[in-house]
There are 2 protein chains.
Amino acid sequence: MTPSSFRTWQSVQAEVLRRIHARDWKPGDLIPNEADLAVEFGCARATVNRALRAVAETGLLDRRRKAGTRVAAQPVAKATLEIAVIRHEVEARGDTYDHLLIERHYLTPPLAISGAMRTGSTEKLLHVRALHLAEGAPYALENRWINMRVVPEAMNEPFDRVSANEWLLQHAAYTHGDIAFSAIQANGADADSLGIAENSAVLAIDRLTWNREASVTKVQLLFTPGYQLRTGL
Amino acid sequence: MTPSSFRTWQSVQAEVLRRIHARDWKPGDLIPNEADLAVEFGCARATVNRALRAVAETGLLDRRRKAGTRVAAQPVAKATLEIAVIRHEVEARGDTYDHLLIERHYLTPPLAISGAMRTGSTEKLLHVRALHLAEGAPYALENRWINMRVVPEAMNEPFDRVSANEWLLQHAAYTHGDIAFSAIQANGADADSLGIAENSAVLAIDRLTWNREASVTKVQLLFTPGYQLRTGL
DNA sequence: TATATCTTTATGTGCATACATAATAATCTG
DNA sequence: CAGATTATTATGTATGCACATAAAGATATA
């Protein structure tokens, strides 16, 4: 057995993945420690560390100090969805993008909204409803609430040329947020805006973002039937 | 200005994030190079590199050799969904899990399936339909095709005690795969199995996994109405 | 002027070493 | 023997250095 040379962390990663896929290292198995692998691969421990860390991030390895590194018994598939600005998403498909502001009001929101956004129950928020179009056809419907205490500049923004979707990314930073994906039946108004039959199944993306302790914006995007959110594994 | 000391890559990362959130570094801005930041933070360049790499992975920074590092003008939100074994997902919510095999046949699949899986149009595949239950109520419907040429051991597996969902993770490794999320209206048979009204909107997860050049399995999971796939940002 | 080549620069990576830290294993102690 | 203490060990990370590499910019060439 030649002390085969894997000098880059990528090649070490590839070899580690090969061994896992070839079931040379089976689910649940404890693999050799970094120092031993470094000797075997003919590289520095830091290089092995970098490779193992990368594999562990995909969920295929479990690492614990002292306990060592083992192949995940039941790897949790991690699908990373890239939620881009809708204009970019549409243009990336080679379609022409367009945007239509439906309504824009400054008003007291329903309790469900002020509750989720932790704004006062009587505090007014900016409400924007807009339609995103691809090749002239409805693509997604945006229903958004904006916390004016956090993004006061939004008050002067008409959102007719630049969508709120895009404007906020440029003008309002967030520290964290939640996102949820679900299937819902389009109600009358929404179905109407999207130009689809009432009760059609549409994919909904609900996002709520925060800046420190304050909510920035809460948005629901409804995509026309047939829309698929895809990614690799 | 004290040469404030950020000695760990996490603290450097936190400081970088702080500057971005505080709009000290605005979207589109070029930030100082690693060497300069290392001097400013009083740490090694490798430490700065580690921190910036981590931030770049979240999409908040764009890094290019020679061009330097700049704050993403329109950060692409990356939502990492962890798709676990359904039993674990249910048990993690504190619910009792159960599993019901509906059918299991070895037959020639529709062309749409053999086409996607790149198996011969006359090649038989193992077809499994099963219902996952949480607290006795339908949770998700699994509709799966398994490539027996890749996982021949599946032939002897009844899938009545252990779900195909779980068994495959233990017994069949995959090198890569695709996953898609969409909203569809449940057809008669599916609605029936899930115990919901026909045409109800259900969230569908379609997954196709491969081992090198060969498809391993193609599966569609339909979740009962109301189901939300959530994660942080 | 258009194109090719060189130079410069910022990030990307490897290595050897040292020490930190968490968690297990071994040992001691009442 | 239970429980507390200590030792051991594998991963985690910081450092300084060297060199690789991509890409922008400068320069040379046809």
Side-chain angles (χ1 to χ4, degrees), chain A residues 2-17 19-20 24-73 75-76, chain B residues 2-17 19-20 24-73 75-76:
Chain A
T2 56
S4 45
S5 196
F6 295 96
R7 282 219 191 69
T8 68
W9 72 267
Q10 290 96 333
S11 69
V12 170
Q13 182 188 36
E15 172 62 11
V16 167
L17 288 174
R19 292 186 184 186
I20 294 173
D24 200 354
W25 292 339
K26 300 181 191 62
D29 278 6
L30 192 65
I31 75 172
N33 70 41
E34 294 184 349
D36 290 350
L37 286 175
V39 171
E40 184 190 338
F41 291 151
C43 66
R45 183 169 77 91
T47 306
V48 174
N49 180 279
R50 181 92 152 75
L52 295 185
R53 216 173 355 101
V55 177
E57 270 169 18
T58 71
L60 231 57
L61 287 178
D62 280 333
R63 320 193 71 202
R64 267 166 55 225
R65 273 172 168 158
K66 165 74 182 175
T69 301
R70 55 181 67 238
V71 180
V76 175
Chain B
T2 56
S4 44
S5 198
F6 295 96
R7 281 220 191 69
T8 69
W9 71 265
Q10 290 97 332
S11 68
V12 170
Q13 182 189 35
E15 173 62 11
V16 167
L17 288 174
R19 292 184 185 187
I20 294 173
D24 199 353
W25 291 339
K26 299 181 191 61
D29 279 6
L30 191 66
I31 75 172
N33 69 39
E34 294 184 347
D36 290 350
L37 286 175
V39 171
E40 184 189 339
F41 291 151
C43 66
R45 183 170 76 92
T47 307
V48 174
N49 180 280
R50 181 92 155 80
L52 294 185
R53 214 167 5 94
V55 177
E57 270 168 20
T58 71
L60 232 57
L61 287 177
D62 280 332
R63 320 193 71 201
R64 266 166 55 225
R65 275 172 167 158
K66 165 72 184 177
T69 301
R70 56 181 65 238
V71 180
V76 175

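All chains are named by letter (A, B, ...) in the order of the sequence lines, taking the proteins before the strands, and each is independently numbered beginning at 1.
Distance Arg70(B) CZ to dA10(C) C1': 13 Å, rounded to the nearest Å. What separates CG of Asp36(B) from P of dT9(C) is a distance of 12 Å, to the nearest Å. Distance Ile31(B) CD1 to dA10(C) C1': 12 Å, rounded to the nearest Å.
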Take Val16(B) and Leu60(B), measure what side-chain contact (heavy atoms from CB on, under 4.5 Å) needs, and give me the verdict at the end.
CA-CA 10 Å; Val16(B) 167; Leu60(B) 232 57; over 6 Å; no
Could you walk me through whether Phe6(B) and Thr47(B) pass the side-chain contact (heavy atoms from CB on, under 4.5 Å) check?
CA-CA 9 Å; Phe6(B) 295 96; Thr47(B) 307; over 6 Å; no
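Smallest separation of non-hydrogen atoms from Gly59(B) and Ala72(B): O-CB, 3.3 Å.
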A correct 5'-to-3' footprint of nucleotides 18-26 of chain C, with B, S and - meaning base, sugar-phosphate only and no protein heavy atom under 4.0 Å, is B--BSBB--
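Note on Gln10(A): every side-chain N or O is 4.0 Å or more away from OP1 and OP2 of dG12(C).
Considering only residues two or more places apart in sequence or on other chains, Arg63(B) meets the salt bridge (charged side-chain N to carboxylate O under 4.0 Å, His left out) condition with Glu34(B). Annotation: side chain to side chain contact (heavy atoms under 4.5 Å, CB included) contacts of Lys26(A) (sequence neighbours excluded): Arg23(A), Asp29(A).
You'll find the side chain of Val71(B) reaches within 4.5 Å of the side chain of Leu61(B), heavy atoms only. Taking the side chain as every heavy atom from C-beta outward, Val12(B) and Leu37(B) never approach each other to under 4.5 Å.
Using a 4.0 Å cutoff on non-hydrogen atoms, no part of residues 53-62 of chain B comes near DNA chain C.
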Which pairs of donor and acceptor atoms, one on a side chain in residues 50-58 of chain A, lie under 3.5 Å apart (sequence neighbours left out)?
| residue | atom | partner | partner atom | Å |
| --- | --- | --- | --- | --- |
| Arg53(A) | NE | Asn49(A) | OD1 | 3.3 |
| Thr58(A) | OG1 | Val55(A) | O | 2.6 |

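Each of Pro32(B) and Thr8(A) has a nearest nucleotide on DNA chain C; the 5'-most of these lies closest to Pro32(B).
Note that CG of Asn33(A) and NZ of Lys66(A) are 11.0 Å apart. Values are rounded to the nearest 0.5 Å. In this structure, CG on Asp62(A) lies 9.0 Å from OG1 on Thr69(A), to the nearest 0.5 angstrom. Summarising the geometry, atom CZ belonging to Phe41(B) is positioned 11.0 Å from atom OG1 belonging to Thr8(B); distances are rounded to the nearest 0.5 Å.
Close approach of DNA chain D to chain B, defined as any atom under 4.0 Å from a non-hydrogen atom of the protein, starts and stops at dT13(D) to dA24(D).
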